[in-house]
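Please read these numbers as outputs of a predicted model, since none were measured by experiment.
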Amino acid sequence: MAQQHLDPTDPRSRHAGPVPTGDALAGYLRAQATEFLRALRLHRETGSGANGSEESAEAARALRRSARRISASLHTFQPLLDSDWCEAMRPELAWVSGTLAMEHAYTARLERLLAALHRLSGSAAFPAQTGARVTAAPSAKAGAPAQERGNLTVGAAKAGALLDRQLTLARTRAHSTALQALGSSRFHAVADRVAVLASEVPLTKTAGATDLRPLSTAAQDRLADAVAALPLVVAGHPYNAAALVHGLSPDTVPHPQDAPWHQVRLLLRLHRYAREAVSGPKGNAVVDLRLLAAGQALNRHRDASEASASAAQAARTPRIAPATAYALGVLHADQRHEVEAARFAFQQAWQKETVGAS
């Protein structure tokens, strides 16, 4: 007889002890609220200069992590919580997380684009970026003709300088916006509510006897349905002409191809956080490597998609030299290839997960 193995992505197979109820959810929310307050205190103690210290940046990341987990739990387990309180808290936590994420996003995007320009052109004549990571991609044209590489090198330096100006300005504005947000009355109101949450969770009267696993399974089902709607058969196609043409058109609206993948990324995050709440404190240390790989692929997909949009936006700058526009077009195409590679990586990770569940 074949031995049957429980699916590790199923919340019911991860909890061998007592049934997780609203009390477990309350403990999870209190722990995340405590982490939020601890990160906020660290952020205030470390201060923030023009660019912010490393300790301050790490505190901001911790704030974002705890805010995301609280918000996700309010979404997944809302039937066990006061509905009015949830509806009031979720958009505020999303505002905190989104505002704090922008500065880091612009910094990482600039490093990504300059590293790609360096890789594609073989030139180091770009604004220096400390810690920029040069990553080899399947789409890199290692065997490109010398003339094509020379034409790219001509405009690459100016393209890098243009991207540096635009994204550094955006990063500076994001930093100022984050500082203003952290000092605003709106943020203070959110912090006060989180402080109350650290000691008192607004559970419903029946939450203490309600199993968390059906709600967690519902989050997993929503993720599975969203993945089923993705074109996984063509994921990772080496040349996606529709996306390339759209990205270089005058239309600045994001390509509709990317939106379903971004939605799957958010649903995967909700699924992961729901599993954390169901598993309890001891289960949080257990990481499903397949879910982790799928999440990392979707993060790369988002980063490459946003980087390609920034390259296309820079290419729309009026009165730039043809060589600069050419370099930005090659850079945009390279990042769209990275998008396809990330989709293929997600497909591989998800298929392994499906096999494990069968």
Side-chain angles (χ1 to χ4, degrees), residues 20-48 52-105 174-205 207-208 210 212 215-216 219 266 269-285:
T21 63
D23 294 335
L25 174 62
Y28 180 76
L29 287 173
R30 282 194 294 266
Q32 296 303 324
T34 301
E35 178 61 26
F36 182 97
L37 298 175
R38 183 183 298 112
L40 178 58
R41 183 177 65 253
L42 177 61
H43 190 275
R44 288 171 175 170
E45 291 175 352
T46 55
S48 53
S53 64
E54 180 60 32
E55 293 81 3
S56 178
E58 178 56 36
R61 286 191 288 269
L63 274 173
R64 288 163 44 203
R65 286 194 297 267
S66 55
R68 287 198 306 263
R69 281 167 168 78
I70 295 173
S71 179
S73 298
L74 301 189
H75 175 83
T76 302
F77 302 107
Q78 183 170 346
L80 305 183
L81 299 161
D82 182 85
S83 59
D84 293 336
W85 180 83
C86 287
E87 292 298 331
M89 275 293 287
R90 280 175 50 201
E92 297 303 290
L93 291 169
W95 167 71
V96 170
S97 178
T99 301
L100 295 178
M102 292 309 298
E103 180 182 2
H104 171 75
H175 182 74
S176 299
T177 300
L179 290 180
Q180 293 174 2
L182 291 175
S184 66
S185 58
R186 180 181 181 182
F187 178 79
H188 289 163
V190 175
D192 289 343
R193 291 183 179 182
V194 174
V196 174
L197 180 64
S199 59
E200 181 181 351
V201 179
L203 295 174
T204 61
K205 294 181 179 179
T210 304
L212 298 182
L215 293 174
S216 180
L266 296 178
R269 177 178 289 175
L270 289 175
H271 172 47
R272 283 178 45 226
Y273 296 162
R275 292 174 69 241
E276 287 184 5
V278 170
S279 299
K282 294 183 180 179
N284 288 347

Would you say Ser216's side chain and Leu212's backbone share a donor-acceptor pair under 3.5 angstrom? no
For residues 185-193, please give each side-chain donor-acceptor pair under 3.5 Å, one per line with the distance, not counting sequence neighbours.
unit_1, atom_1, unit_2, atom_2, d
Arg186, NE, Glu92, OE1, 2.9
Arg186, NH2, Glu92, OE2, 3.1

Are Arg65 and Phe36 side-chain neighbours, meaning at least one heavy-atom pair lies under 4.5 Å? no
Side-chain H-bond candidate by donor/acceptor type, Arg90 with His75, under 3.5 Å: yes
Donor-acceptor pair, distance only, cut-off 3.5 Å: does the side chain of Thr46 make one with the backbone of Leu42? yes
Minimum side-chain heavy-atom gap Leu182-Arg44 below 4.5 Å: no
Output yes when a side-chain donor or acceptor of Ser66 lies under 3.5 Å from a complementary backbone atom of Leu63, and no otherwise. yes
dist Ser56:OG -> Glu45:CD (nearest 0.5 Å) comes out at 11.5 Å
If we only count heavy atoms from C-beta on, is the Thr210 to Leu215 side-chain gap below 4.5 Å? no
Answer whether the closest heavy-atom distance between the side chains of Met102 and Thr177 falls below 4.5 Å. no
Whether the side chain of Ser97 engages the backbone of Leu93 through a donor-acceptor N/O pair (distance < 3.5 Å, no angle test) should be reported. no
Measuring only between side-chain heavy atoms, which start at C-beta, is Trp85 closer than 4.5 Å to Leu74? yes
Please determine whether a side-chain nitrogen of the Lys or Arg among Arg68 and Glu35 lies less than 4.0 Å from a carboxylate oxygen of the Asp or Glu. no
